[in-house]
Structures are given as structure tokens and as C-alpha cells.
Engineer: 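I have a structure here, written as C-alpha cells, and I will follow up with some questions on it.
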Amino acid sequence: MKKVLAKSLLFLSIFSFSLQAMCQEVNIYFIRHGKTMFNTTGQVQGWSDTPLTEKGIHQAKQAGKGLENVEFIGAYSSDMGRARATAKLILAENKHQPTPVLIDMMELREWGYGGYEGRDDAELWTPLFEEKNIEFKKDWSTWEDLTKAMTDEEMANAIAANDKTGTAENYHAIVERLKMGVLDIITQTEAQGGGNVLAVSHGSAIPTILTIFTPDEYHGESIDNVSLTILNYKDGKFTLKTIGDTKYLQNK
């Protein structure tokens, strides 16, 4: 009788653990960093870094206010200073204490633009626009035209091919790095029982992540500075819940 009872308890324990694992849910709150100096001056900013402007700091604080009631069990950031600064400003506004320790992740970095880093945006982008007979404009008003004519993979590979230093990332390298980062976040969050996590990244990195994990749901929507994008993971499936939301920046 004792053996039967022990086996029953073991079965119930395993079943309960399996059920708990199946029910784990992860919501990754992706935020693009606030506006920076290079965002303002129109210079290429990938793995290079410039500080947040006053506007960028204000944006990050607004984002923090907008998310102040969200309980984060984890917080991650690209290891770029602009992303870390944005994450810290957001967490400082959160009402749930203690806030989680911020973890830097190289995997969440922006695309690496190699020899184009710090140079004028036009030097990098004009050849790609011209290839598709589209005029490059510094206000990015023709960007949507390029995205319709050229995939992210074609863009990244063209940049890598054009980079005379040979140090720009190709699309495969970008995808593998970002995929590793997101899966690592999910693994760490599941180990804590699931929940909401903050992840501050970049304007090209976040769209690439969405293309990797939710290709049928992401259609090239804009990811502006400090916009919110929520990626949900449950039972092995990814779902896009929010894309590029900036409502907490309106009228403030």
C-alpha cells in the first residue's frame, strides 16, 4: 500500500510540475532606447555609442511612467550605453520594489555596421536606395519605399558587402545573435516561473527579432525611440501583442 501511495504521489508531483511548465508564460517588453546624439546628427550608430539627449532622457522617463505598474521579474538591455541608460531610467519609475537587477546582453545589440559606424547615414544608405531607384532622404520619408523593395536580409548583406573594412555583420550573423539572446531571456524567465521582463534594444534589432519569431504578424511597422513592443511566449508559441506603441509619449 505504501509503495502504491508513493508511486501515486510521485506521479502527481511529476504531473503538477509538467502542468506548471506548460502554463508558464513570458511577456518580453521590448523598448527601443531613447533619442541619442547620433540619432539627432544623422550618423550611423550600430555598435558605436552616443549618449541620450535631453529629449531621450525625457522619453525614457515617460516610458517608465507608462510602465510603472508593470511588475518585471527580469530586466535586460543591450550592453550599449544608450540602451542601459534607457533601461535604468525606466526601472527607476517602477512602483514594484525591489526592481530586478539589470543584465547586459551583447546579443541584444543593434546591427553591426562595421566601417560605416559614426559616418553620415547617407554614405551607408544611398547605395542601397540607388540600387532600387529610390531617393535617400535624411528625414527617412522614403524608407518605407525601400522596405517594400528590399528585404532586411538583402539590406544587411548589401551593407556587409559594401563595407570596405569587412567588419559589418551579415544577416545570418545578426539573426543568430539576436535569436540566442531572446531564447536565453525566455529560458531564464521560465526558470523563475514565467512573467514579465523588460528588454531594451535597438531600432533595427527589434524588427529583426519580430521577423525571426513572428514573421506572419510583423509587417514592417515602425519602431520609434522608446516605443513599446510586447512579444509573448507560451507553450512553445510566440505571439506579437503590441507593436511600436508610443501612446505614453503623446501630449506630454
Side-chain angles (χ1 to χ4, degrees), residues 25-36 39 45-47 52 56 59-94 99-111 152 174-190 192 194-234 237-249:
E25 184 173 2
V26 178
N27 287 306
I28 305 178
Y29 282 66
F30 280 107
I31 296 279
R32 181 186 173 190
H33 63 79
K35 197 172 186 67
T36 67
N39 289 154
Q45 183 176 231
W47 287 16
L52 298 180
Q59 288 174 325
K61 289 180 178 179
Q62 285 181 287
K65 286 289 186 182
L67 299 173
E68 64 184 2
N69 293 314
V70 178
E71 184 174 4
F72 294 115
I73 68 164
Y76 301 84
S77 167
S78 154
D79 60 353
M80 297 288 95
R82 60 192 186 274
R84 295 178 71 253
T86 300
K88 288 180 178 180
L89 288 167
I90 291 172
L91 291 173
E93 299 291 341
N94 199 268
T99 54
V101 174
L102 182 63
I103 299 174
D104 294 345
M105 296 185 75
M106 179 270 186
E107 293 85 355
L108 293 182
R109 282 185 184 183
E110 180 61 289
W111 289 16
D152 282 357
I174 294 167
V175 166
E176 290 304 304
R177 171 171 60 80
L178 292 171
K179 184 188 297 183
M180 185 184 302
V182 172
L183 294 179
D184 193 18
I185 290 172
I186 289 171
T187 298
Q188 293 184 43
T189 308
E190 284 187 318
Q192 299 180 69
N196 302 318
V197 293
L198 175 69
V200 180
S201 189
H202 303 269
S204 291
I206 294 172
T208 303
I209 288 169
L210 301 183
T211 300
I212 295 168
F213 294 103
T214 56
D216 296 329
E217 298 178 57
Y218 178 64
H219 306 292
E221 289 87 347
S222 178
I223 304 296
D224 296 328
N225 289 109
V226 299
S227 63
L228 169 65
T229 298
I230 303 176
L231 184 64
N232 173 269
Y233 176 81
K234 184 177 181 181
K237 181 181 178 182
F238 290 90
T239 304
L240 191 50
K241 296 177 69 174
T242 300
I243 308 174
D245 184 11
T246 57
K247 65 176 179 289
Y248 43 74
L249 298 180

Engineer: Supply the atom-to-atom distance Thr189 OG1 to Glu25 CD, rounded to the nearest 0.5 angstrom.
Structural biologist: 12.0 Å
Engineer: Please round to the nearest 0.5 Å and tell me the distance separating atom OG1 of Thr246 and atom CZ of Arg32.
Structural biologist: 12.0 Å
Engineer: Under the side chain to side chain donor-acceptor pair (under 3.5 Å) test, which residues partner Gln45, sequence neighbours left out?
Structural biologist: Thr36, Thr50
Engineer: Short question: side chain of Glu93, backbone of Ala63 - any donor-acceptor pair under 3.5 Å?
Structural biologist: no
Engineer: Here's a test for you: under side-chain contact (heavy atoms from CB on, under 4.5 Å), which of Ile212, Leu210, Ile206 qualifies with Thr208?
Structural biologist: Ile212
Engineer: In Å, rounded to the nearest 0.5 Å, how long is the span from CD1 of Ile28 to CD1 of Ile209?
Structural biologist: 8.0 Å
Engineer: Measuring from Glu217:CD to Ile243:CD1, what's the distance to the nearest 0.5 Å?
Structural biologist: 7.5 Å
Engineer: Counting N and O atoms only, with roles assigned by atom type, does the side chain of Thr229 sit under 3.5 Å from a partner on the main chain of Gly244, one being a donor and the other an acceptor?
Structural biologist: yes
Engineer: Show the numbers, then the answer: is there a side-chain contact (heavy atoms from CB on, under 4.5 Å) between Asn27 and Lys241?
Structural biologist: CA-CA 9 Å; Asn27 287 306; Lys241 296 177 69 174; 3.6 Å; yes
Engineer: State, to 0.1 Å, how close Leu178 and Leu108 come at their nearest heavy-atom pair, and which atoms those are.
Structural biologist: CD2-CA, 4.2 Å
Engineer: Restricting to pairs with a member in residues 69-83, which pass salt bridge (Lys or Arg N to Asp or Glu O under 4.0 Å), not counting sequence neighbours?
Structural biologist: Asp49-Arg82, Asp79-Arg109
Engineer: Which pair of non-hydrogen atoms, one from Gly194 and one from Val26, has the smallest distance, and what is that distance?
Structural biologist: CA-CG2, 4.4 Å
Engineer: Would you say the side-chain atoms of Thr86 pair up with the backbone N or O of Ala60, donor to acceptor, closer than 3.5 Å?
Structural biologist: no
Engineer: For Lys179, does its backbone N or O pair with a side-chain atom of Glu107 as donor and acceptor, under 3.5 Å?
Structural biologist: no
Engineer: Closest approach of Ser77 and Ala83, non-hydrogen atoms and distance?
Structural biologist: OG-C, 3.3 Å
Engineer: Could you measure the distance from the CG atom of Leu228 to the CG atom of Leu198? Nearest 0.5 Å is fine.
Structural biologist: 9.5 Å
Engineer: Supply the atom-to-atom distance Ser78 OG to Asp104 CG, rounded to the nearest 0.5 angstrom.
Structural biologist: 8.0 Å
Engineer: Taking it one step at a time, do Gln188 and Val197 satisfy side-chain contact (heavy atoms from CB on, under 4.5 Å)?
Structural biologist: CA-CA 10 Å; Gln188 293 184 43; Val197 293; over 6 Å; no
Engineer: Please report the closest heavy-atom contact between Tyr218 and Pro207, naming both atoms and the distance.
Structural biologist: OH-CB, 3.4 Å
Engineer: Take Glu110 and Met80 through the side-chain contact (heavy atoms from CB on, under 4.5 Å) test and state the conclusion after the steps.
Structural biologist: CA-CA 9 Å; Glu110 180 61 289; Met80 297 288 95; 5.9 Å; no
Engineer: Mind checking what makes ring pair (Phe, Tyr, Trp, His ring centres under 6.0 Å) contact with Phe238, not counting sequence neighbours?
Structural biologist: Phe213, Tyr233
Engineer: Taking atom CE of Met106 as the centre, report whether more than 12 heavy atoms of other residues, nucleotides or ligands fall under 6.0 Å from it.
Structural biologist: yes
Engineer: Taking all non-hydrogen atoms of both residues into account, name the closest pair between Trp111 and Arg177 and its distance.
Structural biologist: CA-NH2, 3.9 Å
Engineer: Distance-only, no hydrogens or angles: does the Asn225 side chain make a donor-acceptor pair with backbone N or O of His33 under 3.5 Å?
Structural biologist: yes
Engineer: What I'd like to find out is whether the side chain of Val226 reaches to under 4.5 Å of the side chain of Gln62, using heavy atoms alone.
Structural biologist: no
Engineer: What pair of heavy atoms forms the shortest contact from Pro100 to Leu91, and how long is it?
Structural biologist: O-CD1, 4.2 Å
